[in-house]
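Source: prediction; values computed, not measured.
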2 protein chains.
Amino acid sequence: MGTTQLESVQEPKYWHLKTVLSEALDSDFAVGEILPNERELAARFGVARATLRQALEQLELEGRLQRRRGVGTTVAPPRVGVAVSTAQHEWTGGVSGEAWQPVDCTMGQAPAAVAAMLGTAPAEPVHVMRRIRDTHGQAVAAELLYVPASSVPDLAALDAPSGAFRARNVLRELHRLGLEGQDRSVELGSARADDAKELDRLPGAPVLVVTTRYFAAGGTAAVSVATYRADTCRLTFGDSGALEISHDERRERRAS
Amino acid sequence: MGTTQLESVQEPKYWHLKTVLSEALDSDFAVGEILPNERELAARFGVARATLRQALEQLELEGRLQRRRGVGTTVAPPRVGVAVSTAQHEWTGGVSGEAWQPVDCTMGQAPAAVAAMLGTAPAEPVHVMRRIRDTHGQAVAAELLYVPASSVPDLAALDAPSGAFRARNVLRELHRLGLEGQDRSVELGSARADDAKELDRLPGAPVLVVTTRYFAAGGTAAVSVATYRADTCRLTFGDSGALEISHDERRERRAS
DNA sequence: CAGTGGTCTAGACCACAGG
DNA sequence: CTGTGGTCTAGACCACTGG
């Protein structure tokens with residue numbers, strides 16, 4: 001039977017669907033526009049809702065769509081370039097109220113993996129600081145910063161026991177140490193419940209986990225574990241924090 | 001310990017399952033060990049296979065599991081740290097046969113977004129080079145390197161029209177230019193069919209897309225789009241390419 | 001309240017790896 | 001060939017958002 005170039009090779013339906021939807025997004029939809037609901041779309045394409053959802057999930061993973069329960073599916077704006085500076089910006093950021101905003105700071109214990117990086121015993125008390133990073137009014141990252149008590153020995157004992165005030169004091173002490181270098185890694189993860197809440201996502205949402213080791217005074221002074229929303233963020237490194245690639249083409253970079 | 005009572009809040013089953021499995025992986029399984037098959041596991045936990053799969057997908061996303069059609073589900077080794085050097089290593093890597101291994105090189109046309117970064121017209125001919133990066137005998141990344149013809153004017157016209165030989169010649173010419181700087185971004189993506197094949201994954205598999213702009217001679221000499229397997233890789237930056245974080249840092253952090 | 005996306009079920013068949 | 005994970009279906013109910 002000379003099947004007339006039927007589409008049904010062995011490409012999964014959801015994959016083909018994703019392609020079709022992707023092209024439709026490029027041509028027929030504007031950023032922020034809401035799509036028909038899932039049942040409607042599934043019916044329109046003649047597939048089960050689960051299959052349609054598989055395609056939508058992929059597109060959301062790629063930052064093309066945004067889905068919110070009770071609301072609907074909207075066309076996502078291009079990913080935001082977020083600078084993960086090679087410099088000391090975020091180190092002092094909490095102090096100057098720049099990118100990172102301290103939320104809380106308590107004494108606690110570092111997870112085993114973090115303790116290993118700090119070179120401390122797992123039971124050694126550390127300051128555990130919570131910081132949030134905003135961009136354009138949107139929370140894009142949640143961080144846990146682990147600072148061994150031994151890194152900031154001069155912290156006044158009469159400090160507030162916790163809270164944003166204490167956070168600023170810890171950061172100030174860290175800043176006085178100076179920063180000799182840092183060491184960073186990026187990997188894919190899924191948001192824990194607490195991070196998800198800060199980032200306004202559901203638990204399990206894909207995130208980029210940036211682990212940074214800060215060196216000062218000949219040792220590891222602190223370790224930061226920052227989780228960035230993978231759907232909306234593009235991490236940028238290096239000199240110019242304004243790389244411009246995404247699903248949308250735009251000239252930038254005038255030879256000024 | 002048996003099932004206690006207050007487990008049944010409104011935590012999704014797959015989320016709870018994931019937690020249980022994760023702990024089981026830590027305590028009862030060795031790296032490389034194969035798990036019972038999905039139907040068996042689903043029955044054992046009293047859930048539908050689809051629900052069990054949702055938990056497995058999360059664990060695979062976090063690099064804890066590896067699943068292969070026709071084979072089974074195995075416990076994954078810790079993610080391998082892959083250095084995304086801040087230096088010129090990979091620039092010359094293809095020449096010295098270091099990390100990146102050139103596979104092919106043809107004349108072609110850059111995608112619109114890449115052309116924008118190159119500052120060239122979308123129709124301008126560019127060398128499109130394919131490179132693969134291996135670590136411990138495993139392909140961890142596939143790259144497309146776009147080099148405008150104008151960046152390597154001295155390339156002999158009598159070169160091979162394509163292939164790995166031509167790739168090396170283009171890299172040699174690039175190397176002669178010298179490297180003034182670079183600009184990098186990392187974002188989450190899903191593997192295209194061709195990349196997936198090189199990386200021995202299924203299309204749509206999660207990848208970390210590293211886009212690098214190389215500056216030389218006062219302009220953008222080349223653009224690289226490298227896709228790293230997100231399940232097995234942890235990208236490292238900075239001085240020491242040997243960050244030591246092991247796996248998960250689950251931090252339940254329950255407010256009293 | 002009605003409508004949305006999120007979760008879950010109990011099946012079915014397919015593509016692939018391996019003996 | 002058998003057994004595995006991958007895809008797909010047609011339902012159901014739940015949790016959340018908004019008016």
Taking the side chain from [X] and the backbone from [Y], do they hold a donor-acceptor pair closer than 3.5 Å?
{"X": "Arg79(B)", "Y": "Asp231(B)", "answer": "yes"}
{"X": "Arg133(A)", "Y": "Ala139(A)", "answer": "no"}
{"X": "Ser27(A)", "Y": "Glu23(A)", "answer": "yes"}
{"X": "Thr51(B)", "Y": "Val47(B)", "answer": "no"}

In terms of relative ring orientation, are Phe237(B) and Phe237(A) parallel, tilted or perpendicular, with 30° and 60° separating the classes? parallel

Closest approach to the side chain of [X], judged atom by atom: which nucleotide of [options] is it?
{"X": "Lys13(A)", "options": "dA17(C), dC8(D), dG5(D)", "value": "dC8(D)"}
{"X": "Arg69(B)", "options": "dG6(C), dG5(D), dC8(C)", "value": "dG5(D)"}
{"X": "Thr51(A)", "options": "dG6(C), dA10(C), dT9(D)", "value": "dT9(D)"}

Check the distance between [N]'s [atom2] and [X]'s [atom1] and give it to me in whole angstrom.
{"X": "Tyr14(B)", "N": "dG6(C)", "atom1": "OH", "atom2": "P", "value": "10 Å"}
{"X": "Leu41(B)", "N": "dT4(D)", "atom1": "CG", "atom2": "C1'", "value": "12 Å"}
{"X": "Leu52(B)", "N": "dG11(C)", "atom1": "CG", "atom2": "P", "value": "16 Å"}
{"X": "Arg49(B)", "N": "dT9(C)", "atom1": "CZ", "atom2": "P", "value": "14 Å"}
{"X": "Arg53(B)", "N": "dG6(D)", "atom1": "CZ", "atom2": "P", "value": "5 Å"}
{"X": "Trp15(A)", "N": "dC8(D)", "atom1": "CH2", "atom2": "P", "value": "12 Å"}

What are the two closest heavy atoms between Pro203(B) and Tyr14(A), and how far apart are they?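 Looking at all heavy atoms of both residues, the shortest contact is O-OH, 4.1 Å.
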
Map Val47(A) and Arg67(B) onto DNA chain D by nearest heavy atom, then report which one ends up closer to the 5' terminus.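 Final value for this comparison: Arg67(B).
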
Toward the 5' end of DNA chain D, by each residue's nearest nucleotide, Val71(A) or Gly46(A):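 Upstream on the strand: Gly46(A).
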
Tell me if the side-chain of Arg68(B) makes a donor-acceptor pair with the base of dG18(C), cut-off 3.5 Å, by modelled atom types. no

Looking at Arg201(A), Arg229(A), Arg53(A), which hits salt bridge (Lys or Arg N to Asp or Glu O under 4.0 Å) with Glu60(A)? Arg201(A)

Need one value for Leu56(B): base, sugar-phosphate or nothing, where a base atom within 4.0 Å counts as base even if backbone is also close, heavy atoms only. nothing

Considering only heavy atoms, which members of residues 29-40 of chain B lie under 4.0 Å from some atom of DNA chain C?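 Hits under 4.0 Å, by residue number: Arg39(B).
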
